[in-house]
**Student:** 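For reference, the structure I am asking about is given below.
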Amino acid sequence: MILVTGAGGFIGSHLVEHLLNEGNAVRAMVHYNSMDSIGWLTDLPNLNASNLEIVRGDLTDFDQLERISESADSIINLAALIPIPYSYEAPRSYASVNINGVLNILEILRRRGGKLVQISTSEVFGSAQTVPINENHPRNAQSPYAATKIAADELLKSYVATYGINAMIARPFNTFGPRQSTRAVIPTIVVQALKSNVIELGDVTTSRDFNYVLDTIHGIANVLKFGEPGEDYNIGSGVERTVTDIVKSVQDVLNKELSIVLKENRLRPDKSEVRQLVCDSSKLRAIAEWEPTHTLPAQFNLTMGKLVSWFSQNPPQRDFRT
């Protein structure tokens with residue numbers, strides 16, 4: 001049985017859906033809230049599958065997490081505080097979840113055994129010093145969020161070296177797709193474009209390796225199958241796109257002219273802005289038959305069309321889900 005933490009979120013819900021479709025027994029952990037929401041799991045077509053168990057939990061509560069992880073052969077940890085702007089305001093919260101929460105999982109593996117795939121982020125690299133970025137690229141935390149994810153990665157490697165646990169790191173570059181929060185740049189462009197010809201954005205010159213969520217979760221699943229203890233694996237297409245490129249793609253899909261208005265309140269602090277992230281995923285490709293098929297240039301506008309269609313049918317109300 002595979003325990004997926006952060007299962008109610010954007011990537012987590014897609015991963016749970018994929019694992020179920022592959023015939024795995026899945027225990028999906030969501031963070032308890034006063035509305036008792038299970039997040040995007042409510043949208044799963046296989047929500048009532050016999051091989052799915054949904055539990056409420058908190059990564060920072062060791063005793064509860066230990067009970068929830070009983071009988072789990074593998075854990076995929078997607079639970080984290082993610083929004084970068086909020087990490088400027090509440091860094092202690094990020095340290096509590098993203099560092100201490102991961103420490104709890106590592107301690108459980110040390111005592112009980114099993115396998116862990118820890119989900120990292122390309123933000124650990126900061127602005128690219130060389131491109132494309134492979135796993136040996138220097139770490140450079142440009143936000144409290146990135147610093148906590150670096151700490152989690154290093155904790156995991158230290159536990160592998162010290163205690164011999166079976167744990168590895170999957171590091172997706174920027175992911176987009178249905179169910180994503182409008183905090184992220186691609187959904188905010190799409191949602192604005194569906195309502196108006198004017199798109200309000202921050203810095204549009206930054207570039208990222210944007211990957212469709214199905215490519216990302218297939219990468220994570222391959223790290224679970226083939227990854228080696230203590231190793232980290234980048235997941236990305238190697239294709240660089242600026243924010244302006246994304247606006248152009250959405251414009252092509254909608255067949256309407258879009259104009260960009262720059263808004264200061266959408267800017268990160270200057271030294272915190274990551275200018276460029278482009279992935280070298282050759283390490284993952286060497287161990288698995290994995291290709292980011294939905295994200296490559298020939299497919300990108302088609303993929304973007306699917307995303308535009310989804311948001312037109314699922315306009316965000318109050319976006320509580322991540």
**Student:** Under 3.5 Å, is there a donor-acceptor pair linking the side chains of Ser237 and Thr295?
**Tutor:** no
**Student:** Under 4.5 Å between any side-chain heavy atoms of Ser282 and Asn134, yes or no?
**Tutor:** no
**Student:** Which heavy atom of Leu116 sits nearest a heavy atom of Asn77, and at what distance?
**Tutor:** CD1-CB, 4.1 Å
**Student:** Of all heavy-atom pairs between Val102 and Leu59, which one has the smallest distance, and what is that distance?
**Tutor:** N-CD2, 4.3 Å
**Student:** When you compare the side chain of Pro315 with that of Leu194, does any pair of heavy atoms fall below 4.5 Å?
**Tutor:** no
**Student:** Using 4.0 Å as the upper bound for N to carboxylate O, is an ion pair formed by Asp153 and Arg139?
**Tutor:** no
**Student:** To the nearest 0.5 Å, what is the distance between OG1 (Thr206) and CZ (Arg241)?
**Tutor:** 14.0 Å
**Student:** Under a plain distance cut-off of 3.5 Å, with no hydrogens placed, do Ser281 and Asn234 share a side-chain donor-acceptor pair?
**Tutor:** no
**Student:** Between Glu17 and Ser13, is any side-chain donor less than 3.5 angstrom from a side-chain acceptor?
**Tutor:** no
**Student:** Centroid separation under 6.0 Å, is that true for the rings of Phe311 and Phe176?
**Tutor:** no
**Student:** Using the rule given for salt bridge (charged side-chain N to carboxylate O under 4.0 Å, His left out), can you reason through Glu107 versus Arg110, listing the C-alpha separation, both sets of side-chain angles and the distance that settles it, and then say yes or no?
**Tutor:** CA-CA 5 Å; Glu107 273 295 297; Arg110 182 171 75 88; 2.9 Å; yes
**Student:** Regarding Thr242 and Asp245, do their side chains bring together a donor and an acceptor under 3.5 Å, going by distance alone?
**Tutor:** yes
**Student:** Relative to the ring of His137, is the ring of Phe125 parallel (under 30°), tilted (30 to 60°) or perpendicular (over 60°)?
**Tutor:** perpendicular
**Student:** So, taking the atom named CD in Glu228 and the one named OH in Tyr233, what distance separates them when rounded to the nearest 0.5 Å?
**Tutor:** 5.5 Å
**Student:** Is it true that Ser71 and Arg27 share a donor-acceptor pair across their side chains at a distance under 3.5 Å?
**Tutor:** yes
**Student:** Would you compute the distance between atom CG of Leu284 and atom CG of Asp232 and round it to the nearest 0.5 angstrom?
**Tutor:** 11.5 Å
**Student:** To the nearest 0.5 Å, tell me how far Thr148 OG1 sits from Leu155 CG.
**Tutor:** 11.0 Å
**Student:** Do Glu200 and Gln192 have side-chain N/O donor and acceptor atoms under 3.5 Å apart?
**Tutor:** no
**Student:** Can you label the angle between the Tyr94 ring and the Tyr86 ring as parallel, tilted or perpendicular, going by 30° and 60°?
**Tutor:** tilted
**Student:** What is the distance from atom OG of Ser93 to atom CG of Leu81, rounded to the nearest 0.5 Å?
**Tutor:** 6.5 Å
**Student:** Should the heavy atoms of other residues, nucleotides or ligands under 6.0 Å from NZ of Lys195 be counted, would the total exceed 12?
**Tutor:** no
**Student:** Quick one: pull up OH in Tyr145 and CD1 in Ile150 and give me the separation to the nearest 0.5 Å.
**Tutor:** 11.0 Å
**Student:** Which heavy atom of Leu44 sits nearest a heavy atom of Arg179, and at what distance?
**Tutor:** CD1-NH1, 3.9 Å
**Student:** Looking at Arg56 and Asp36, what are the two nearest heavy atoms and their distance?
**Tutor:** NE-OD1, 2.9 Å
**Student:** Closest heavy-atom contact between Ala80 and Val97?
**Tutor:** CA-CG1, 3.9 Å
**Student:** Taking ring pair (Phe, Tyr, Trp, His ring centres under 6.0 Å) as the criterion, tell me which of Phe210, Tyr212, Phe300 meets it with His294.
**Tutor:** Tyr212
**Student:** Do Ser122 and Asn174 have side chains that get closer than 4.5 Å, going by heavy atoms?
**Tutor:** yes
